[in-house]
Amino acid sequence: MSFKPRMGTFRNTSVAAVMAGATLAAPMAFAQDDETTTLTAVMHSGLRVLDPIITTAHITRDHGYMIYDVLTAVDENFEPQPQMASWEVSDDDLTYTFTLRDGLMFHDGSPVTAEDVVASLERWGQIDSGGQLIFDRTESLEATDEKTVTWTLSEPFPPLLTVISKQSAVPPFIMPASVAATSPDETITEYIGSGPFVFEEDEYEPGVSVTYSKFEDYVPRDEPASWMAGGKVVNVDEVVWTTMPDAVTAVNALSNGEVDYIEQVQIDLLPILENAPDVVVETRDDLGYVAIGRPNFLYPPFDNKELRQAALTALDQENMLATMQGNPDYYNVCGAIFGCATPLADESGSDPVTSDDEGPEQARAMLEEAGYDGTPIVLMAPTDVISLVNQPVVAAQALREAGFEVELQSMDWQSLVQRRAQQSPVSEGGWNLFFTNWMVPEVSDPLINVMLNGRGDDAWFGWPTDPELEEMREEFIAAEDEAARKEVAVRIQEHVMDNVNYMHMGEYLIPQARSTAIEGMLPSPVPVFWNLTKGE
Amino acid sequence: MLSYILKRVLATVPVMIIVAVFVFLLLRLTPGDPAAILAGDAATPAQLERIRDRLGLNDPLHIQFFTWVFQMLKGDLGTSLISNTDVGGMIVSRLGPTINIALMTIVISVALAVPMGVIAAWRHRTWVDFAVMSFSVLGFSIPVFVIGYIFIQIFAIELRWFPVQGYTAPSAGLWDFFSQAILPSLTLATIYVALIARMTRASMLEVLGEDYIRTARAKGVRENVVLFRHALRNAAVPILTIIGTGFALLISGVVVTESVFNIPGIGRLTVDAILARDYPVIQAMILLTAGIYVLVNLIIDVSYSFFDPRIRY
């Protein structure tokens, strides 16, 4: 983007003269093609990892949707829809036949074949927890001809289409077979997709900026775009993602017309943008995020269910969310662990954390009844991730008011990430509680939500051994229709609130801001750059 | 002189070895796991373990150290654990913005601060001296990000003379480069003007009391010649030292200014690498910084003899 000063010019200074001298050796300016429509977006984080299968980082997933395409995708009704392929399911629910649509092509000009799809799904299935569930039941996955993939199961797995259509952590992006042959423990080194944008490798600066150009040969579907499904029609020539470490700078840059879009705006900076002409502040994603606290099930006090219940009762979503967000327009007290606006939403059993009536008193009584012996809770508090700074502080205060001994230990996120993997007792470097956040689509289903794994050492950090939950997850897999799945989901909701597998601290929204020149931006949990237009 | 320079260059070898060992060990003793950054929040412990194996992070420390040292001896700074890109290339692409902003800052600072310091000393205990010293105290005291925001508010948002942020290489357009680099350079220069002006004033005050200055004035030499030829040249050694050290500081990273003005420089690269525990990048950056300090100090020492012929090596 070239900046043109509005008033006068800055000339004839000694500094300019010296700088001109200092840079004389450099070749002179290139001419920018004025016809090129470039959209400059400030993303929530810098892109550093380019393999969307090996990592669950959101920015890499977003990059994945730019350059890759997916076999099937969920629409705004959470329904799987054909994207690269349509499908047929055999009467016994054991064979899924996917047929690739016409016109699919990788960015290097080679056609997308069924072999590429098989290789991509196999690599994804070795990493993704949902994928592993399918491959545990897979008899064969093969390319039966150039355009047909046949997936044969050993037992029915009704949520197969939902799992392969998921939009986050981790969608099965389709890559060339040669790239998908990379070990799942190594990052890929070639970035060729068949998606609507081409990754410009020469212009990529890790953590700073990344440029995507329109893939001229991409053939969009005919249906209207809806979340990750439907026609991905690209109306701009280039999209540049840039990272701005200072949130105020990003806001100033948008107000000044230097960038077109900010993916996430801090709530306290909204007044600056709300007064700026030519800027729209809005919520792109109504599902939002959830805040959660995860106890360590291996050691006291949280190896005791009654003490976990007391802790949950001591906490209060309203206090937590108000401290995090400040503005009530951007948070939602809601006890549904699968998200309040999702098909599996249910608030059963969530009173302890959603109702603030007598919380601390009740928690104190529960502590006494459980015979709490004063074992301190080591609560890890990250200091360098702005969205995670407040939760531990609010929680520590609430837990202390209820009578818990709390040791709030401040550390950077990296130290927390390493320490939460320690299964040792607290006295040997372990921990009792930490807080983190998820996007709602990442927790919206018992197969996707990693905190609902109850397999002890193989579970997510905190390591609950919860055979009852595992059984219910199996029931969820076996459920044949939506009503049956919902019924199991409600039981899981009740179980999680009772057993306190984690502390669900409510939902919050993060607004985005864009220039009024950008029109047609789609509502979606993942920021997408197709269908929009950029005017003057 | 040549043998002196050679000796100084050779003396850097043990310094760099000590820095390398120290940095390597310090990083390995700091908590953190690059595999966790790479794989993201939902990765299972087993997946993290496999990635650590692949990255060589589970190898014994001495194997990791010697692998790195042999790579370095071959001129290979390694590959970023996170972005899987060449560390040398990453540093080169980030050095340009940092060096250009540092040069511009130093040029502005010297151009303003030396005359200010000379005049303050010349007009000692007058309002001019008072004004220069007051500016110096302010320049030191106001945090650099506050100065940056004030400049952005005035020159970018209100007057719209310059953009708020960004960096364009001079090769991609001289005006774009200048318009984007001027505000961060002025921001950084505020501190350096304060520092260099104070040092110049103190050094000049000492020299202006010397007998040869009185003699020069008694001989009827013009006052500007007395000040800038006789006095300033003799007062130059401490001023040069402060300019050199300041330049090294600017090169080794000014992360706050780089963040406020969104400049993709060395400072941000270092901080990002530290937060992600990207060991090869951090190690290379710290060695580079040590090397820059050694080199800048050598240049300062050698330049002393140019300004003060009494200094010989």
Side-chain angles (χ1 to χ4, degrees), chain A residues 1-3 5-8 10 14-16 18-20 22-23 26-30 46 48-50 54-57 60 127 129 169 183 185-187 189 205-209 242 244-246 248-249 252-253 255-256 258 384 411-415 417-419 421 436 442 450 458 460-461, chain B residues 31-33 36-48 50-51 53-54 80 82-85 90 93 100 103-104 107-108 111 149 152 156-157 159-166 169-174 176-182 185 259-262 264 268-269 272 275-277:
Chain A
M1 167 173 286
S2 174
F3 180 86
R6 185 198 283 170
M7 295 175 57
F10 190 91
S14 58
V15 179
V18 170
M19 286 319 300
T23 54
M28 281 305 286
F30 64 87
R48 292 183 181 85
V49 183
L50 294 176
I54 204 168
T55 184
T56 54
T60 306
I127 295 179
S129 57
S183 156
D185 307 322
E186 266 179 79
T187 50
T189 52
E205 281 196 73
V208 177
S209 76
T242 181
M244 292 198 191
D246 188 284
V248 178
T249 305
N252 283 333
S255 312
N256 232 27
E258 294 169 35
D384 56 333
M411 60 191 75
D412 71 344
W413 177 246
Q414 260 292 296
S415 301
V417 159
Q418 193 193 35
R419 189 159 168 194
T436 189
E442 291 166 340
V450 292
D458 291 332
W460 198 62
F461 313 102
Chain B
D33 182 5
I37 287 284
L38 183 62
D41 219 20
T44 60
Q47 191 193 347
L48 293 180
R50 286 198 303 272
I51 293 174
D53 268 342
R54 284 274 181 187
S80 159
I82 308 299
S83 65
N84 202 18
T85 44
M90 283 171 88
S93 73
N100 284 328
L103 277 173
M104 200 156 162
V107 167
I108 294 172
Y149 285 145
I152 287 174
I157 294 176
L159 298 173
R160 291 180 69 94
W161 287 356
F162 308 111
V164 170
Q165 52 80 45
S171 55
L174 216 50
D176 280 349
F177 162 74
F178 178 77
S179 67
Q180 288 177 324
I182 186 70
S185 300
S259 296
V260 167
F261 290 98
N262 191 29
R268 267 174 67 189
L269 177 66
D272 288 347
L275 290 176
R277 304 294 191 269

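Chain letters run A, B, ... following the sequence lines, proteins first, then strands; residues in each count from 1.
Taking CD1 of Ile82(B) as the start and CD1 of Ile37(B) as the end, the distance is 6.0 Å to the nearest 0.5 Å.
Among Gly207(A), Gly46(A), Ser415(A), the residue with the largest count of heavy-atom pairs under 4.5 Å with chain B is Ser415(A). Of the listed residues (Ile152(B), Ile51(B), Val260(B)), the one with the most heavy-atom contacts under 4.5 Å to chain A is Val260(B). Between chain A and the options Ser259(B), Gly40(B), Pro31(B), Gly32(B), heavy-atom pairs under 4.5 Å are most frequent for Gly32(B). Contact tally against chain A (heavy-atom pairs below 4.5 Å) for Met90(B), Arg277(B), Gln47(B): the top residue is Arg277(B). Per-residue counts of heavy-atom pairs under 4.5 Å with chain B were compared for Val450(A), Leu50(A), Val248(A); the largest is that of Val248(A).
Across all non-hydrogen atoms, the minimal contact from Asn256(A) to Ala156(B) is ND2-O, 3.3 Å. Minimum interatomic distance between Ser183(A) and Arg54(B) (heavy atoms only, all atoms of both residues): OG-NH2, 3.1 Å. When all heavy atoms of Ser179(B) and Pro163(B) are compared, the pair lying nearest together is O-CD, 3.4 Å.
A salt bridge is defined here as a Lys NZ or Arg NE, NH1 or NH2 lying under 4.0 Å from an Asp or Glu carboxylate O, and Asp246(A) with Arg268(B) fails to meet this definition.
If you check the side chains of Asn252(A) and Ser255(A), you find no donor sitting under 3.5 Å from an acceptor. Using modelled atom types and a 3.5 Å distance limit, the side chains of Thr249(A) and Asn262(B) yield no donor-acceptor pair.
Heavy atoms of Thr189(A) lying under 4.5 Å from chain B belong exclusively to its side chain. Within the 4.5 angstrom heavy-atom criterion, no atom of Ser129(A) approaches chain B. Within the 4.5 angstrom heavy-atom criterion, only side-chain atoms of Asp384(A), from C-beta onward, approach chain B. For chain B, the nearby parts of Ile54(A) are the backbone and the side chain; heavy atoms of each come within less than 4.5 Å. Proximity to chain B (any heavy atom under 4.5 Å) is shown, for Val49(A), by both the backbone and the side chain. Both the backbone and the side chain of Ala253(A) come within contact range of chain B, each with at least one heavy atom under 4.5 Å from a heavy atom of that chain. For a residue to count as touching a neighbouring chain, one of its non-hydrogen atoms must lie under 4.5 Å from one of that chain's; by this rule Ser209(A) does not touch chain B.
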Legend entry - Stepwise side-chain contact (heavy atoms from CB on, under 4.5 Å) check, Phe178(B) with Met104(B): CA-CA 9 Å; Phe178(B) 178 77; Met104(B) 200 156 162; 3.5 Å; yes

